Amino acid sequence: MFSRHFAAFFRFNRYVAQKYSSFIAAGFSNRFSLKVATLLPLVVLRSADCRQKEDQEVKRPVRRRTMSKVKYETSLEGRAQLYLNAMKVRWDQLHKVPGLFSYQLEKSPQSRKIPGYWGFYAELNSDRNRKRRRPQTIESLNPTFKHMMFNFNKVDAQEVIMTIDDAHGSPEVQMIINKSPITKYHTLICPEVGKNHTQRITRDALQFCITFMRNIDDKDMRMGYNSPGALASVNHLHFHLLHMPQDLYIDHVPLDELAGGYVYRLSRRAPTEGICIVFNENDSDEQVAEKVDQLYMLAMWMCKNNMPHNLFLTQDRRPGKSGNIKVFVFARSEYCVNKDLAEFNVGFCELAGYIPLPDADKMENLTELQVLFRIRTITGNAPKAVYEQITSMVEGQEYYLWDQPLTI
């Protein structure tokens with residue numbers, strides 16, 4: 001009976017089958033032998049199942065962690081997901097408070113995937129166009145902080161979702177609601193508000209944003225930055241955190257390697273230009289720090305050369321790339337002084353392929369050709385200079401281009 005019942009099992013493990021058959025042939029001399037004969041196949045099956053699970057667990061990508069468990073649990077790396085979860089809960093609560101936001105987002109806004117090869121996504125948001133705070137005029141890429149103008153020291157206390165001041169090794173950061181949201185959970189990441197940083201990237205702010213994005217388990221959360229002259233609305237340092245579950249143009253745009261095995265440019269086959277620095281899942285702390293340094297130096301170089309720019313940070317959605325973070329940098333030759341609230345503007349959202357529009361007619365009639373023409377017009381030849389600069393920086397020759405005047 002036992003041999004017939006476990007025939008399939010024995011075919012699975014020939015060695016076990018031979019030993020077990022020998023045991024059966026000897027006969028069951030006592031009740032103990034009968035119990036062993038009954039339980040042995042179950043033990044082996046359980047062992048095989050455990051080995052299979054262990055093999056599966058080994059295959060999972062695991063990020064190397066060099067810090068102690070205690071330090072990790074008190075660092076941004078260990079707490080980022082907790083902050084994100086708390087932010088979402090509080091944002092939902094505040095969105096229901098009458099009068100706190102300039103308008104209420106629609107649950108299912110009118111949207112459209114613009115016909116064409118590249119798949120730009122357009123969404124109707126007429127309230128943002130009509131009800132948002134008037135954007136500031138920021139005179140240059142080296143602006144001065146003006147205390148009399150609106151800044152994040154002046155927001156109502158209720159608008160502050162949370163203050164992150166307990167993450168070891170990270171600057172103090174306030175998460176503040178965007179009163180005129182583009183998407184659900186649209187939040188402003190404001191580092192060291194009391195220090196009155198102008199809207200120029202600092203290294204600490206860049207490190208915070210990249211570390212945060214690397215340690216959250218939510219590929220639908222994206223982050224962006226607009227410099228002065230590139231659609232920044234407030235001259236007080238801030239990044240944008242948004243919920244964008246759609247597959248965007250930037251998620252699948254082909255990339256060509258530029259330098260170092262991690263710096264890419266949008267492919268020559270792509271219709272727009274920009275660079276992409278990839279932070280890999282298993283990058284060491286030293287590798288992350290080096291890439292952050294290079295991004296920061298590139299941003300300072302663009303400011304020095306009067307080159308407005310936008311950043312877009314996203315988790316890598318390409319097959320087999322889960323856990324990586326892509327940081328896109330878009331340089332532009334055209335300095336935008338004021339936002340035209342009635343027209344199609346180009347900031348980090350639009351460059352990534354997400355286009356909020358003020359009226360239904362424009363959304364229904366906008367073509368891919370119009371989108372690409374607008375983006376190419378404002379970027380001009382600036383990306384080519386950036387390709388040369390970042391390549392020289394990664395290859396250790398940054399001083400050559402740094403001291404040369406830029407002509408566009």
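The first residue of the sequence shown is numbered 1, and numbering continues consecutively from there. Here the structure is a predicted model, which is why all the values come from computation and not from measurement.
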Ignoring hydrogens and geometry, is there a side-chain-to-backbone donor-acceptor pair from [X] to [Y] under 3.5 Å?
| X | Y | value |
| --- | --- | --- |
| K154 | M149 | yes |
| Q315 | M213 | yes |
| E192 | P171 | no |
| Y103 | S180 | yes |
| K219 | T314 | no |

Is R222 salt-bridged to D251, going by a charged N under 4.0 Å from an acidic O?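 Looking at D251 together with R222, the answer is yes, because their closest N to O distance falls below 4.0 Å.
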Looking only at heavy atoms, which two atoms of [X] and [Y] are closest? And how far apart?
| X | Y | value |
| --- | --- | --- |
| R214 | N280 | NH2-O, 3.0 Å |
| I189 | C209 | CG2-SG, 4.4 Å |
| L266 | I250 | CD2-CD1, 4.5 Å |
| S170 | L76 | OG-CB, 3.5 Å |
| P143 | R200 | CD-CD, 4.1 Å |
| V292 | L206 | O-CD2, 3.9 Å |

Please confirm whether R133 makes a cation-pi placement over F150, using NZ or CZ under 6.0 Å from the six-membered ring centre and within 45° of the ring normal.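 Verdict for F150: a cation-pi partner in R133.
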N324 vs R318, test: side chain to side chain donor-acceptor pair (under 3.5 Å). Steps then yes/no. CA-CA 9 Å; N324 294 350; R318 294 174 297 175; over 6 Å; no
Parallel, tilted or perpendicular: rings of [Y] and [X] (30°, 60°):
| X | Y | answer |
| --- | --- | --- |
| H236 | F145 | perpendicular |
| Y354 | Y121 | tilted |
| F328 | F330 | parallel |
| H238 | F152 | perpendicular |

Any side-chain heavy atom of [X] sitting closer than 4.5 Å to one from [Y]?
| X | Y | result |
| --- | --- | --- |
| L241 | W91 | no |
| V263 | M393 | no |
| M223 | F348 | no |
| H309 | L141 | yes |
| E273 | T379 | no |
| D92 | Y185 | yes |
| E290 | Q294 | yes |
| H243 | M221 | yes |

Dump the intermediate steps for side-chain contact (heavy atoms from CB on, under 4.5 Å) on Q389 and M302, then the final yes or no. CA-CA 10 Å; Q389 177 62 21; M302 289 187 289; over 6 Å; no
Going by atom types alone, do [X] and [Y] pair a side-chain donor with an acceptor below 3.5 Å?
| X | Y | value |
| --- | --- | --- |
| D166 | Y83 | yes |
| T391 | E395 | no |
| R132 | S233 | yes |

Provide the full list of side chain to side chain donor-acceptor pair (under 3.5 Å) pairs with a residue in residues 156-165, sequence neighbours left out, each pair given once.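 Residue pairs passing side chain to side chain donor-acceptor pair (under 3.5 Å), neighbours aside: none found.
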Might you work through the salt bridge (Lys or Arg N to Asp or Glu O under 4.0 Å) test for D204 and K195, ending with a clear yes or no? CA-CA 13 Å; D204 284 347; K195 292 186 177 181; over 6 Å; no
More than 12 foreign heavy atoms under 6.0 Å from [atom1] of [X]: is that the case here?
| X | atom1 | result |
| --- | --- | --- |
| H168 | NE2 | no |
| N85 | CG | yes |
| K96 | NZ | no |

Show the numbers, then the answer: is there a side-chain contact (heavy atoms from CB on, under 4.5 Å) between L295 and I201? CA-CA 10 Å; L295 268 170; I201 290 174; over 6 Å; no
Would you sort out whether T144 and E139 count as a side-chain contact (heavy atoms from CB on, under 4.5 Å), showing the intermediate values? CA-CA 9 Å; T144 56; E139 68 276 9; 3.8 Å; yes
Residue from I277, L313, V278 passing side chain to side chain contact (heavy atoms under 4.5 Å, CB included) with K326: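 Option passing the side chain to side chain contact (heavy atoms under 4.5 Å, CB included) with K326: V278.
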